[in-house]
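Everything below concerns the one structure shown next.
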Amino acid sequence: MPIFISHGPAETESLGETWGQAAQRGWVIAMSGELGAGKTQLVKGVARGLGITARVHSPTFTLVNEYDGGRWRLFHLDLYRLETRAQMLSAGLEEFLQPDGVAVIEWAEKLEHGGWKLEPGKVKKVKVELIGETERRIIYDDFGA
Ligand SMILES: Nc1ncnc2c1ncn2[C@@H]1O[C@H](COP(=O)(O)OP(=O)(O)O)[C@@H](O)[C@H]1O
Ligand SMILES: [Mg+2]
């Protein structure tokens with residue numbers, strides 16, 4: 001898997017932007033990594049790469065934020081507050097695992113707690129690791145970008 005070392009938020013966003021530029025309908029970008037790692041920063045880049053101009057902020061009280069106006073609709077999910085499969089199902093998660101557009105999921109490691117297997121192909125796994133105040137190690141499936 002490719003590894004990218006980022007030295008600041010702008011570099012992280014630029015990496016996400018390349019993914020947004022390459023994204024195809026049905027892609028699910030499954031992100032894991034601790035709080036403050038830079039997952040949302042990557043999503044900002046994905047949005048920009050799709051041509052979305054709206055400001056991206058994490059969904060906090062809802063499961064998903066949707067953004068139109070780009071090449072594909074972007075669904076931005078954050079599973080931080082969900083623990084069980086039942087909670088995920090009642091929040092309506094399943095629809096976004098085969099999105100009519102591109103889905104980016106923060107705290108995707110929780111999907112496995114819920115019993116979902118992330119199959120390679122349309123699901124792209126991303127892991128963001130904090131290695132310093134402004135340094136991050138981003139390990140990701142090949143996006144064909
Ligand atoms: N190289 C970097 N990449 C991404 N974010 C960084 C980096 N260096 C510092 N930061 C800061 O870390 C924080 C990452 O926040 P965020 O993207 O919301 O994380 P997460 O969604 O993983 O909780 C932001 O405040 C950002 O400015
Ligand atoms: Mg976040």
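For ligands, and for the atoms within them, numbers begin at 1 and follow the listed sequence.
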Closest to [atom] among [options] (heavy-atom distance):
{"atom": "atom 13 (C) of ligand 1", "options": "Ser58, Gly36, Ala37", "answer": "Gly36"}
{"atom": "atom 26 (C) of ligand 1", "options": "Gly33, Ala10, Ser32, Pro9", "answer": "Pro9"}
{"atom": "atom 11 (C) of ligand 1", "options": "Gln41, Arg137, Arg136", "answer": "Arg136"}

Under 3.5 Å, side chain of [X] to main-chain N/O of [Y], donor-acceptor pair present?
{"X": "Arg73", "Y": "Asp100", "answer": "no"}
{"X": "Arg25", "Y": "Trp72", "answer": "no"}
{"X": "Lys39", "Y": "Val128", "answer": "no"}
{"X": "Glu135", "Y": "Ile131", "answer": "no"}

Any salt bridge linking Arg48 with Glu17? Criterion: basic side-chain nitrogen under 4.0 Å from a carboxylate oxygen.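 Looking at Arg48 and Glu17, the cut-off is met.
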Check each atom of ligand 1 against the heavy atoms of [X] and keep those under 4.0 Å away; list them by number with element.
{"X": "Leu35", "result": "23 (O)"}
{"X": "Gly8", "result": "1 (N), 2 (C), 3 (N), 7 (C)"}
{"X": "Thr12", "result": "1 (N), 2 (C), 3 (N), 4 (C)"}
{"X": "Glu133", "result": "8 (N), 9 (C)"}
{"X": "Glu34", "result": "22 (O)"}
{"X": "Lys39", "result": "17 (O), 19 (O), 20 (P), 21 (O), 22 (O), 23 (O)"}

Tell me, which protein residue and heavy-atom name are nearest atom 18 (O) of ligand 1, and how many Å apart are they?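 Among all protein heavy atoms, the one nearest atom 18 (O) of ligand 1 is Thr40 CB, 3.6 Å.
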Top protein contact for atom 19 (O) of ligand 1, by heavy-atom distance: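 Minimum-distance protein heavy atom for atom 19 (O) of ligand 1 reads Gly38 N, 3.1 Å.
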Over 60° means perpendicular and under 30° means parallel, so tell me whether Trp19 and Phe143 are parallel, tilted or perpendicular.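 Judged by the thresholds at 30° and 60°, the geometry between Trp19 and Phe143 is parallel.
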Are the side chains of [X] and [Y] in touch, meaning some heavy atoms are under 4.5 Å apart?
{"X": "Leu82", "Y": "Leu63", "result": "yes"}
{"X": "Thr40", "Y": "His57", "result": "no"}
{"X": "Asp141", "Y": "Val123", "result": "no"}

Taking backbone and side chain together, does Glu106 place any N/O/S atom at a distance below 2.8 Å from the Mg ion (ligand 2)?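 Here the distance criterion (N, O or S atom, under 2.8 Å) is met by Glu106, so yes.
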Tyr80 N/O/S atom closer than 2.8 Å to the Mg ion (ligand 2):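 Short answer: no, not a single N, O or S atom is under the cut-off.
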Considering only heavy atoms, does Thr134 approach ligand 1 within less than 4.0 Å through its side chain, its backbone, both, or neither?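 Both of them.
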Side chain or backbone of Glu11 under 4.0 Å from ligand 1, or both, or neither, by non-hydrogen atoms?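 No part of Glu11 is near ligand 1 at this cut-off.
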Row check, Trp107 ring normal vs Arg81 NZ/CZ: under 6.0 Å, within 45°: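 Not satisfied by the 6.0 Å and 45° rule.
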